[in-house]
Amino acid sequence: MSGKKGKVVKTEVRNYVKNKEVFHDRNLFLEDYKEMNRSFKIYCYPHKRDDPFANALLPVDFEPGGNYASESYFKKVLMKSHFITKDPSKADLFFLPFSIARLRHDPRVGVGGIQDFIRDYIFNISQNYPYWNRTGGADHFYVACHSIGRSAMEKAEEAKLNVIQVVCSSSYFLSGYIAHKDASLPQIWPREGDPPDLASSKRDTQDIKKKGKHIQKLAFFAGSINSPVRERLLEAWRNDSEISVHYGRLRTPYADELLGSKFCLHVKGFEVNTARIADSLYYGCVPVIIANHYDLPFADILNWKSFSIVIATLDIPLLKQVLKGICLDEYLMLQTNILK
């Protein structure tokens with residue numbers, strides 16, 4: 001690091017994006033992925049359509065939507081995949097198919113009854129099947145995108161300690177999430193129609209490099225101000241001409257704002273996760289992640305530093321300095337890796 005003031009941040013940023021590879025080890029990942037496709041099997045506890053809670057135990061029969069669609073997509077795709085086996089003896093993992101999002105809206109259960117439902121569900125499978133008792137649930141997993149899913153096992157102590165959580169709200173800071181056991185599920189907001197034509201956006205990398213074209217905004221954020229972190233962001237940058245911070249209804253289309261910005265801000269709200277990272281990637285915008293302790297999806301496979309910037313919440317006042325410290329070549333590397 002340079003000892004001169006004004007160069008410290010720039011030097012840190014250059015070190016930050018030094019590793020340009022999207023994968024930590026692409027060859028190792030492809031080898032593991034190939035083996036997974038060949039041999040990995042999951043057994044899902046079966047339920048019939050006349051089950052009283054079929055709405056929460058079976059995949060949805062419609063296209064998932066809304067803020068917690070990742071949960072429904074995961075189950076819908078998994079149940080149609082070649083990973084599912086009907087022979088439990090061949091299973092590497094066992095899937096607990098209850099939907100936290102669906103139970104949350106079921107008047108028979110609701111938010112207050114989810115823990116009781118899960119406790120009773122696990123008791124039933126432990127009595128009717130031998131698989132749970134062999135490992136205490138350590139080879140079982142469930143999926144949840146709403147943050148309430150992290151506390152779903154509170155009344156099932158053995159499950160709380162052993163079951164693998166695949167959750168959107170994946171924070172090192174919270175005791176209910178154990179990083180070496182649990183896994184982070186990417187949160188997405190489903191998009192309709194064809195993906196955007198990134199080559200014709202205001203951010204076209206070749207035009208930037210060859211013609212020196214200027215993108216309208218340095219950074220963009222829009223969302224509810226529902227956390228101290230977002231309050232800090234609004235306080236620091238609400239009147240800035242280059243960093244656009246919005247709350248309430250946007251006057252312009254959300255997609256246009258993403259396409260017209262170099263960097264798109266993912267800022268912790270109630271939880272570390274939102275769909276804004278997926279939005280940024282979808283629209284070819286370099287995500288800036290301002291959410292301490294976020295266990296990012298696929299962090300053991302993807303080198304997030306090659307296509308995103310992570311900034312500590314305390315450094316929000318330095319946001320512009322950090323982003324402007326990223327030179328054109330470094331930015332193009334980040335943005336090109338997103339398109340990969």
Side-chain angles (χ1 to χ4, degrees), residues 40 42-47 49 51-81 83-84 93-122 125 137 140-154 156 159-160 163-171 174 176-179 181-192 223 266 268-279 281-282 291 294-299:
F40 188 63
I42 296 170
Y43 180 78
C44 177
Y45 286 102
H47 296 280
R49 294 209 166 271
D51 188 296
F53 287 95
N55 62 309
L57 296 169
L58 298 178
V60 295
D61 55 4
F62 53 83
E63 194 65 18
N67 215 19
Y68 309 111
S70 298
E71 180 182 308
S72 296
Y73 271 121
F74 185 100
K75 181 159 64 174
K76 192 169 185 175
V77 172
L78 174 64
M79 296 308 294
K80 292 180 179 178
S81 76
F83 297 116
I84 292 294
L93 291 177
F94 293 81
F95 179 39
L96 303 168
F98 47 77
S99 166
I100 298 297
R102 304 281 282 173
L103 289 171
R104 179 170 163 258
H105 293 292
D106 191 316
R108 298 168 295 176
V109 181
V111 172
I114 288 177
Q115 293 177 4
D116 293 319
F117 181 95
I118 303 303
R119 177 198 59 204
D120 295 344
Y121 182 86
I122 289 174
I125 64 168
H140 287 56
F141 75 98
Y142 75 99
V143 178
C145 202
H146 194 282
S147 59
I148 198 172
R150 275 200 324 268
S151 61
M153 303 289 176
E154 287 296 323
K160 178 183 175 182
V163 168
I164 300 166
Q165 301 177 93
V166 182
V167 293
C168 291
S169 302
S170 49
S171 172
L174 300 170
Y177 180 83
I178 305 171
K181 172 179 74 72
D182 302 325
S184 177
L185 178 69
Q187 185 170 358
I188 61 165
W189 187 277
R191 302 289 170 190
E192 296 181 357
H266 162 94
K268 180 186 182 301
F270 287 120
E271 300 289 342
V272 292
N273 57 292
T274 74
R276 287 175 183 80
I277 292 179
D279 289 344
L281 299 177
Y282 184 81
Y294 189 6
D295 185 18
L296 291 162
F298 312 118

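Each residue takes its place number in the sequence, starting with 1. What you see is a predicted model; the values in this text were computed from it and never measured.
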Check your understanding: Roughly how far, to the nearest 0.5 Å, is OG of Ser70 from NZ of Lys75?
Key -> 14.0 Å
Check your understanding: Looking only at heavy atoms, what is the nearest atom pair of Phe40 and Phe83, with distance?
Key -> O-CD2, 3.4 Å
Practice item. Identify the heavy atoms of Met153 and Ala159 that sit nearest to each other, and give their distance. Key: SD-CB, 3.6 Å
Practice item. Check the pair Tyr294, Glu271 against side chain to side chain donor-acceptor pair (under 3.5 Å), reporting the backbone distance first and the verdict last. Key: CA-CA 9 Å; Tyr294 189 6; Glu271 300 289 342; over 6 Å; no
Exercise for review: Determine, using ring centers only, whether His140 and Tyr45 are less than 6.0 Å apart.
Suggested key: yes
Review point. Does the Glu154 side chain pair with the main chain of Gln115, one donor and one acceptor, at a distance under 3.5 Å?
Key: no
Practice item. Evaluate the ring planes of Phe74 and Phe141, with Trp represented by its six-membered ring, and classify them as parallel (under 30°), tilted (30 to 60°) or perpendicular (over 60°). Key: perpendicular
Review point. Is a side-chain donor or acceptor of Arg104 paired with a backbone partner of Ser99 at a separation under 3.5 angstrom?
Key: no
**Study point:** Heavy-atom pair of closest approach, residues Ala101 and His105
**Key:** O-CD2, 3.2 Å
**Study point:** Derivation of the side-chain contact (heavy atoms from CB on, under 4.5 Å) call for Ile125 and Leu96
**Key:** CA-CA 10 Å; Ile125 64 168; Leu96 303 168; 3.5 Å; yes
Check your understanding: Given the rule in the side chain to side chain donor-acceptor pair (under 3.5 Å) test, do Ser170 and Ser184 qualify, once you have shown the distances and angles that lead to the verdict?
Key -> CA-CA 5 Å; Ser170 49; Ser184 177; 2.8 Å; yes
Point to revise | Approximate separation, where rounding is to 0.5 Å, of Asn55 CG and Asp106 CG | key: 5.0 Å
Revision key, fill the gap. Closest non-hydrogen contact found for Gly149 with Ala144 is CA-CB, 3.8 Å
Point to revise | Test of ring centre spacing under 6.0 Å for Phe53 and His47 | key: no
Practice item. Check for a donor-acceptor pair, side chain of Arg119 on one end and backbone N or O of Ala156 on the other, with a separation under 3.5 Å. Key: no
Point to revise | Ser151 side-chain N/O to Ile148 backbone N/O, donor-acceptor pair under 3.5 Å | key: yes
Exercise for review: For the pair Asp182 and Val166, evaluate side-chain contact (heavy atoms from CB on, under 4.5 Å) and give the outcome as yes or no after the intermediate values.
Suggested key: CA-CA 6 Å; Asp182 302 325; Val166 182; over 6 Å; no
Practice item. Examine the side chains of Asp295 and Tyr177 and answer whether a donor and an acceptor come within less than 3.5 Å of each other. Key: yes
Point to revise | Min side-chain heavy-atom separation Pro52-Arg108 under 4.5 Å | key: yes
Review point. Between Phe95 and Tyr142, is the gap from one ring center to the other below 6.0 Å?
Key: no
Check your understanding: Under 3.5 Å, is there a donor-acceptor pair between the side chain of Lys76 and the main chain of Phe62?
Key -> yes
Review point. Got Leu185 and Val167 here, is their nearest side-chain heavy-atom distance under 4.5 Å?
Key: no
Check your understanding: Can you name the closest pair of heavy atoms from Pro190 and Gly66 and give their distance?
Key -> CD-O, 3.7 Å
Point to revise | Gap between atom CG of Leu103 and atom CG of Asp116 - 0.5 Å precision | key: 11.5 Å
Check your understanding: So how far is it from Tyr68 OH to Asn273 CG, rounded to the nearest 0.5 Å?
Key -> 8.5 Å
Check your understanding: How far does SG of Cys44 sit from CG of Leu57, to the nearest 0.5 angstrom?
Key -> 8.5 Å
Point to revise | Check: Cys168 main-chain N/O paired with Glu71 side-chain donor or acceptor under 3.5 Å | key: no
Check your understanding: For the atom pair CD1 (Ile164) and CD1 (Ile178), what is the distance rounded to the nearest 0.5 Å?
Key -> 11.0 Å
Check your understanding: Can you name the closest pair of heavy atoms from Ala152 and Ile118 and give their distance?
Key -> O-CB, 3.6 Å
Practice item. For side-chain contact (heavy atoms from CB on, under 4.5 Å), just list the numbers for Val143 and Gln165, CA-CA rounded to whole Å, side-chain angles, deciding distance to a tenth of an Å, and then say yes or no. Key: CA-CA 6 Å; Val143 178; Gln165 301 177 93; over 6 Å; no
